[in-house]
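The next block holds one structure in the form of structure tokens; read it before the comments.
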Amino acid sequence: MGKDDLILSARPPFSLSSVVKSHGWASLAPFSTDSHTDGLTYIYRLDSGHVVEMLIQEASDGVSIEVDGQLNEVECEEVTRKVEYMLGLDQDFNDFYRLASGEPKLANVEERAQGRLLRCPTLFEDVVKTILTTNTMWAGTIRMVEKLVSQFGDPLSADPTRHAFPTAEQLAATDEDALRSTVRLGYRAPYVLELARDVASSTFDLESLKTVDIPTIQLRKRLLSIKGVGGYAAANLLMILGRYDFVPIDTWALKMVSHEWHGGGQVGQAEVEAAFERWGEWKGLAYWFWDWSYVGED
DNA sequence: GGTAGACCTGGACGC
DNA sequence: GCGTCCAGGTCTACC
């Protein structure tokens, strides 16, 4: 495989920019955005162990992928499969757009091709990152993920200062003290370690949850069985998995709903759920892309 | 089923 | 430079 020779098409409407801006994942290692090329880069560890940098850019009907170095046919197929999943190229939001067309607060979702949420190549990486978003500021999440990647991920051969996200096996081989003292995970360290060990030992087939054909409520229960994953984290992960039946309720959600419908007064989970109940299986997306009136001080 | 308190880190602030 | 307070979800124990 040479440069610029992978072109993937997406189900329209599609906007790479919308996927990149869909949530904060693009600013967490080993993702990065490139202002010069307006593209998304990701340092990816192939199944073979070979670490490459992928540059993903908008193309006419989808995206182009440029990979540093030569890939064989099997590796090209792997990169194609992963990028299709990460960007949700085949995801269909037409039912959501039809519902949203009557709601002024969601008036632009179709025009902006909003709906897809950027995903990591493995659910393991998405779960670890989600755990690292809980009970901390966003700057703390960025810092923890960066340290986790630089300490335990395999280096990019072209630039050994940059690394891929560590595999479950690599994290399973470390210990709680290292995760606490080096990565500063605090009380999250045993959660990440337990998950890594369960996945590495095949005690927990986490990746199968990407495609498992079970009701959302059951999928949520499986996610909640992971230590460190509570209601907010499970709803966030369900969104990543393309299930939008739950709203990820954090302090920001409470604040937004409070100002949108309750005059800034105190609200709880029940009020947030009630506010989006009418959106049914799309309530997570309706919440996510809602055009909030309150901009606040943060 | 609901609730209180502990868990950690880093930033802000006062002294 | 040091101490204190605070923000951020989840877990566990208890009622």
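Just the heavy atoms: all of them, side chains too, but no hydrogens, waters or symmetry mates, feed the values below. Here is the naming used below: chain letters follow the sequence lines, and residue numbers restart at 1 for every chain.
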Mind calculating the distance between [atom1] ([X]) and [atom2] ([N]) to the nearest angstrom?
X        : N      : atom1 : atom2 : value
A:Leu185 : C:dT10 : CG    : P     : 16 Å
A:Met137 : B:dA12 : CE    : C1'   : 10 Å
A:Lys255 : C:dA7  : NZ    : C1'   : 10 Å
A:Met144 : B:dT9  : CE    : P     : 10 Å
A:Leu223 : C:dT10 : CG    : P     : 12 Å
A:Leu237 : C:dT10 : CG    : C1'   : 14 Å
A:Glu146 : B:dG10 : CD    : C1'   : 17 Å
A:Asn135 : C:dC11 : CG    : P     : 11 Å

Check every atom of [options] against the side chain of [X] and return the nucleotide holding the closest atom.
X        : options               : value
A:Lys227 : B:dG10, C:dG9, C:dC11 : C:dC11
A:Asp250 : C:dG9, C:dT12, B:dT9  : C:dG9
A:Arg184 : C:dG8, C:dC11, B:dT9  : B:dT9
A:Tyr232 : C:dA7, B:dG10, C:dG9  : C:dG9

Ring geometry between [Y] and [X] (parallel below 30°, tilted from 30 to 60°, perpendicular above 60°):
X        : Y        : answer
A:Trp290 : A:Phe276 : perpendicular
A:Tyr97  : A:Phe93  : tilted
A:Tyr294 : A:His259 : parallel

- Item | Pair of N/O donor and acceptor under 3.5 Å linking C:dG9 base with A:Tyr187 side chain | yes

Categorize [X] for me: base, sugar-phosphate, or nothing, with a 4.0 angstrom heavy-atom threshold over every strand shown.
X        : result
A:Ile226 : sugar-phosphate
A:Gly140 : nothing
A:Thr136 : base

- Regarding A:Lys210 and the six-membered ring of A:Tyr85, is the cationic atom NZ or CZ under 6.0 Å from the ring centre and inside 45° of its axis? yes

- Message: Between A:Thr133 and A:Lys129, do the side chains contain a donor N or O and an acceptor N or O under 3.5 Å apart?
- Response: no

- Message: Is it true that A:Tyr44 and A:Glu78 share a donor-acceptor pair across their side chains at a distance under 3.5 Å?
- Response: yes

- Item | Of A:Arg188 and A:Ala139, the one whose closest DNA chain B nucleotide lies more 5' | A:Arg188

- Is there any salt bridge (charged side-chain N to carboxylate O under 4.0 Å, His left out) pair reaching into residues 131-156 of chain A, and which pairs are they, with sequence neighbours excluded? A:Arg45-A:Asp154

- Message: For the helix from B:dG1-C:dC15 to B:dC15-C:dG1, what angle separates the axis at the start from the axis at the finish, each from five pairs, in steps of 10°?
- Response: 30°

